[in-house]
**Student:** 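Sharing a structure with you now.
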Amino acid sequence: MTVLTIRHSTNTSNTINNGQKIIKIGFVSSDQYPTLSNDDKILIQLCIENNIECKCVVWDDANMTGQWKKDNFDILIIRSLWDYVFKIDKFLKWMKIIKENKIKVLNDLNAIEWNLDKNYLEELKRSSEIQIVPSVYIRKGEVYPINVILREIEFAKQSGLFKCDQLCFVFKPTVGANGYGTTKFDLYEFLYFPEKYQNLLNHLLSTSDIIVQPFINSVIEEGETSFVFFNGKFSHSIIKKPSLNDFRVQEDHGGTVQRNINPNSNEIQIAQNVINKIIQEKGPILYARIDMLRINGILYLSESEIFEPTLYFMGDTIIAKRFLNSIFELVK
């Protein structure tokens, strides 16, 4: 049974939850990270130091069957649960069990269900204060994806959504994590050598819609700028850059991360507008990472991660305490 339980009842001081009743937290992860990712392990350390009982639990551990009960957890917090992409039906059943047993989850499972599929970007696009990276969508089950993608790109160029001279694009599944299925393609190569992409597209479209976007060149030089919020309040910002041999910014693909030491206040507000809209529609959000790319110097929303994002504590105790304090703000 992959469960790490931590209790530290000898410490009577509690600088994080200000003396509130001690709660039982379940940090939900995957079998690849049964005791949380390296970045999240600081949370365990702080729980020990502050008399907070917590368990690290793997969401699909067979030994947890029948253990998902309110008596065992006051609250569940989803963390490094990135394998759901390959077990989506099983994960949806797990969420149903949690809902039926009325266990509190942060973020709320209804908000997570909404965030599972990147079609949420179209909903956010309706807000006048939010600009998203220009996107078109190809629906699950499409049997002629090459033709449809070429047609949708042409329509987008004619409408002004895409630049007329844009030749380089990216497609990715709307249900995916950690760069899964994200593919860069040249329009001419796509047109004349479609067999290079056909099998992958068929595979992705068997389980998900796909989203097609212009490749944003600034990701190479300037990277992707992310803003992290706890309980709707700005916490910190990081910049992710791809390796020399890739375009994806995730560390699993060779990307690097650095702290954005002095983020521009106007740019923080752009990200704040996104999380404000989500909270307005979905209720309180414990954690969010707003990922943005620059187009002509202006930040556009790439993704708003409120499901299982890396939060980039990066060993910073102040940031980790801020996160834990936000939990207690929401469970008062």
**Student:** Less than 3.5 Å apart, any donor N or O on the side chain of Ser326 or Asn231 sitting next to an acceptor on the other?
**Tutor:**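 The answer is no; no qualifying pair exists.
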**Student:** Has Asn72 got a side-chain atom pairing as donor or acceptor with Gln67's backbone, closer than 3.5 angstrom?
**Tutor:** yes
**Student:** Check Glu113 with Lys282, please: is the shortest side-chain N to carboxylate O separation under 4.0 Å?
**Tutor:** no
**Student:** Determine whether Gln198 and Asn202 satisfy the following criterion, side chain to side chain donor-acceptor pair (under 3.5 Å), listing intermediate values before the conclusion.
**Tutor:** CA-CA 6 Å; Gln198 187 71 56; Asn202 289 341; 3.1 Å; yes
**Student:** Identify whether Met292 and Tyr287 are in the same connected component of the hydrophobic contact network (ILVMFWY, side-chain heavy atoms under 4.5 Å).
**Tutor:**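 Different hydrophobic clusters.
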**Student:** Look at the aromatic rings of Phe323 and Phe230 and report parallel, tilted or perpendicular, splitting at 30° and 60°.
**Tutor:** perpendicular
**Student:** Has Asp83 got a side-chain atom pairing as donor or acceptor with Ser30's backbone, closer than 3.5 angstrom?
**Tutor:** no
**Student:** Determine whether a donor-acceptor pair (N or O, by modelled atom type, separation under 3.5 Å) exists between the side chain of Gln166 and the backbone of Cys168.
**Tutor:**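 Yes, because the side chain of Gln166 sits within donor-acceptor range (under 3.5 Å) of the backbone of Cys168.
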**Student:** Assess the pair Phe190 and Tyr197: is the distance between their ring centroids shorter than 6.0 Å?
**Tutor:**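 Centroid distance Phe190-Tyr197: below 6.0 Å, so yes.
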**Student:** For Glu281, what residues pass the salt bridge (Lys or Arg N to Asp or Glu O under 4.0 Å) criterion, not counting sequence neighbours?
**Tutor:** Lys277
**Student:** When you check the side-chain N and O atoms of Ser302 and Asp291, is any donor under 3.5 Å from an acceptor?
**Tutor:**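 Absent: no donor and acceptor within the cut-off.
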**Student:** Measure up the Phe169 and Phe162 rings against each other and bin them: parallel (under 30°), tilted (30 to 60°), perpendicular (over 60°).
**Tutor:**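 Answer is tilted, since the angle falls between 30° and 60°.
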**Student:** Scan residues 118-142 for pairs that pass salt bridge (charged side-chain N to carboxylate O under 4.0 Å, His left out), counting only residues two or more places apart or in two chains.
**Tutor:** Arg139-Asp209
**Student:** So does Arg79 pair up with Glu308, basic N to acidic O under 4.0 Å?
**Tutor:**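 Answer for the salt bridge query: no.
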**Student:** Measure from the ring center of Tyr84 to the ring center of Trp59 and say whether it is less than 6.0 Å.
**Tutor:**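 Between Trp59 and Tyr84, which both carry aromatic rings, the centre distance is not below 6.0 Å.
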**Student:** Could you tell me whether the side chain of Ser159 and the main chain of Lys157 form a donor-acceptor pair under 3.5 Å?
**Tutor:**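 Here the side-chain-to-backbone pair does not exist.
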**Student:** Salt bridge or not for Lys240 and Glu224, using N-O below 4.0 Å?
**Tutor:** yes
**Student:** May I ask you to decide whether Asp60 forms a salt bridge with Lys87, counting only side-chain N to carboxylate O separations under 4.0 Å?
**Tutor:** yes
**Student:** Please tabulate, for the side chains in residues 309-319, all donor-acceptor contacts under 3.5 angstrom to protein atoms that are two or more places apart in sequence or on a different chain.
**Tutor:**
residue : atom : partner : partner atom : Å
Tyr312  : OH   : Glu251  : OE1          : 3.1
Tyr312  : OH   : Glu251  : OE2          : 3.4
Asp316  : OD1  : Ile318  : N            : 2.9
Asp316  : OD1  : Ile319  : N            : 3.3

**Student:** Kindly state whether the ring of Phe307 and the ring of Phe91 have centres lying under 6.0 angstrom apart.
**Tutor:** yes
**Student:** Does any part of the side chain of Phe328, heavy atoms only, come nearer than 4.5 Å to the side chain of Ile52, both counted from C-beta?
**Tutor:**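 In short, these two side chains touch, coming nearer than 4.5 Å.
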**Student:** Run the ring-centre check on Tyr188 versus Phe193 and record whether the distance is less than 6.0 Å.
**Tutor:** no
**Student:** Looking only at heavy atoms, which two atoms of Gln131 and Ile298 are closest? And how far apart?
**Tutor:**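 Closest approach of Gln131 to Ile298, heavy atoms only: NE2-CG2, 4.0 Å.
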**Student:** For Arg294, is there an ion pair with Glu267 - N to carboxylate O distance below 4.0 angstrom?
**Tutor:** yes
**Student:** Using 30° and 60° as the class boundaries, would you call the ring planes of Trp68 and Trp94 parallel, tilted or perpendicular?
**Tutor:**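 Geometry flag for Trp94 against Trp68: perpendicular rings.
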**Student:** Indicate the atoms forming the closest heavy-atom contact of Leu161 with Ser135, along with that distance.
**Tutor:**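 For Leu161 and Ser135, the tightest heavy-atom pair comes out as CD2-O, 3.6 Å.
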**Student:** Under a 4.0 Å N-O cut-off, is there an ion pair linking Glu329 with Lys233?
**Tutor:** yes
**Student:** Verify whether the ring centers belonging to Phe229 and Phe234 lie closer than 6.0 Å.
**Tutor:** yes
